[in-house]
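Following: one structure in structure tokens, then a few remarks.
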Amino acid sequence: MTVRTRFAPSPTGFLHIGGARTALYCWLESRRRGGEFILRIEDTDRERSTDAAVQAILDAMHWLDLDADEGPFYQTQRLGRYTQVADELVAAGKAYYAYESKQEIEAMREAAMAAGEKPRYNGYYRDRREARRDDPNRVIRFRNPGEGSVVFEDKVKGRIEIANGELDDLVIFRSDGWPTYNFAVVVDDIDMGITEVIRGDDHVNNTPRQINIYLALGARVPEFAHLPMILDKEGKKLSKRTSAVGVMEYRADGFLPHAILNYLVRLGWSHGDQEIFSRAEMISLFDITDVNKAPSRFDVEKLAWLNQHYLKTDEPESLVAEFEWHLQRAGVDVGQWPASVDVIVALRERVHTLKEMVERAKIWYGPILEWDEKAVAKHLKGANAPHVLEAAKVLLAECEWKPAQLHGVIEEIATQLELGMGKVAQPLRVAMTGTQVSPSIEDTIYLTGRDEALKRIDAAIALARG
RNA sequence: GCUCCCUUCGUCUAGUGGCCCAGGACACCGCCCUCUCACGGCGGGAACACGAGUUCGAGUCUCGUAGGGAGCACCA
């Protein structure tokens, strides 16, 4: 049988980091086993679902390049089917109408809690067979087995057993005419032929009741795998207040999609000591049964390390589009001097994110130069600085404008003036950037461009003498 | 409260009874390289939550304790 997995987010917000990992694991499991990956939008909560959120999730999935073979399917378009299945269940006596108001249910729950018991429905309408078609409180409840227990072998957590006595008759159709989550997922997963249900472990406790619905429907029960949560740095639930949670926020922060995927695949899963995984390696090596049971913390530092790893090792050309996306966001006109590829090559070993790269590259995209006082005092005020700058001014006006040739120019100045490389490079570096820190001096000069470099040298000479 | 789940360096993890006085990676510290910053190389500190038991032998098996998490909705 073909393996079919699905990612089924509810569109109540952006795709967050935990959702992205779930999606990745679903995707990987289907890919490795030659199966199919389905995307389904669980939008039955009409209050909280928004079109903007749907779009945000689709965009993020696309950016991460987690392509679905089918979908997106929308639960709101399948109402007829849910109604049909629920009616069948009622007709077969496996579900029934109930008419308590929300307040009555609430009172029932409080009474149970007060008595030190687990809050659950008391089954009042279980066998009353009342058909009050226009009662505004009418819901459909599933008749859960009262005896025995549900056992399933979770691919991550192992064997889980929950007594049916712990479960009550859950509502499968709300009084507003929409199905509830626990019912809609089961109907969908059956109809869509899902063989592996991979989701967050906040659903572990829902699984037994869902299995009972599968059984009542005479459907094959799929395999389950419940992923542990991703916590923040402090070990608390990830929240917007303490950390970035949206996948697209990480994009804005300058992370690469495959770096995020690589980080996520290693969060809760490993393959020996391997840290770096290409897409192909992830696909061939990942196995949902190897995923750890314990929750893990999200560590941006390690993500940053991976991000830099990819900045350093990817083909620079392949980074251009994403880099220019950031340049534009920063208000820089792309397409002018210097070429993005050259900037990337010069900076990729010095930054962890594309956002930082843009920050550092700004000195090459405009004539504005701020002079760092310490840098000026230390490297332009010395006795040698004017000579170095004058010599550079002459040689730079003539030479071929390529890093290798520029390197030759620096060496020539050093030889001529009998100075060490440091004495030559630092004044020039300050002249080019106004600071003491930049890529290699030849790259720095190259990226500045000849006209601008000469202007900056003049300015530096003035400063050196002033 | 009840049910279910989890527990190896600060963090992500390796480890499926002897190969472990616990290995790798991130972070941190030191040294080297060096035109600055980085990159890279080398080295360092740093963990089996606790307690019983099983066993010749336990990070690995069992049971307790402690701590953490999730669920108990006409939300997903």
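Since we're looking at a predicted model, the values are computed, not measured. Quick note: numbers below take in every heavy atom, side chains included, and nothing from hydrogens, waters or symmetry partners. Labels below follow one simple rule: chain letters A, B, ... track the order of the sequence lines, proteins then strands, and each chain is numbered from 1.
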May I ask you to verify if any side-chain N or O of [X] is less than 4.0 angstrom from the OP1 or OP2 atom of [N]?
X: A:Asn292; N: B:C6; answer: no
X: A:Ser270; N: B:G24; answer: no
X: A:Lys302; N: B:U13; answer: no
X: A:Lys293; N: B:C6; answer: yes
X: A:Arg109; N: B:C74; answer: yes
X: A:Arg174; N: B:C75; answer: yes
X: A:Arg429; N: B:C37; answer: no

Whether the side chain of A:Glu275 and the base of B:G24 hold a donor-acceptor pair under 3.5 Å is what I'd like checked.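 By the distance-only test, yes, there is a pair.
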
Can you find a donor-acceptor pair, distance only, under 3.5 Å between A:Glu442 side chain and B:C35 base?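 Between B:C35 and A:Glu442, which were checked side chain against base, a qualifying N/O pair under 3.5 Å is present.
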
For the residue pair A:Tyr250 and A:Phe255, does the interplanar ring angle fall in the parallel (under 30°), tilted (30 to 60°) or perpendicular (over 60°) class?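 A:Tyr250 vs A:Phe255 ring planes: tilted.
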
5′-ward residue of the pair A:Asp273/A:Ala425 relative to RNA chain B: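 The residue mapped nearer the 5' terminus is A:Asp273.
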
What contact category does A:His226 fall into here, base, sugar-phosphate, or nothing, at under 4.0 angstrom with non-hydrogen atoms?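 No contact.
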
Can you confirm if the NZ or CZ of A:Arg266 lies within 45° of the ring axis of A:Tyr263 and under 6.0 Å from the centre of its six-membered ring?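 No, A:Arg266 and A:Tyr263 do not form such a contact.
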
Determine whether the side chains of A:Thr180 and A:Asn182 contain a donor N or O and an acceptor N or O closer than 3.5 Å.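 Result is no, nothing qualifies.
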
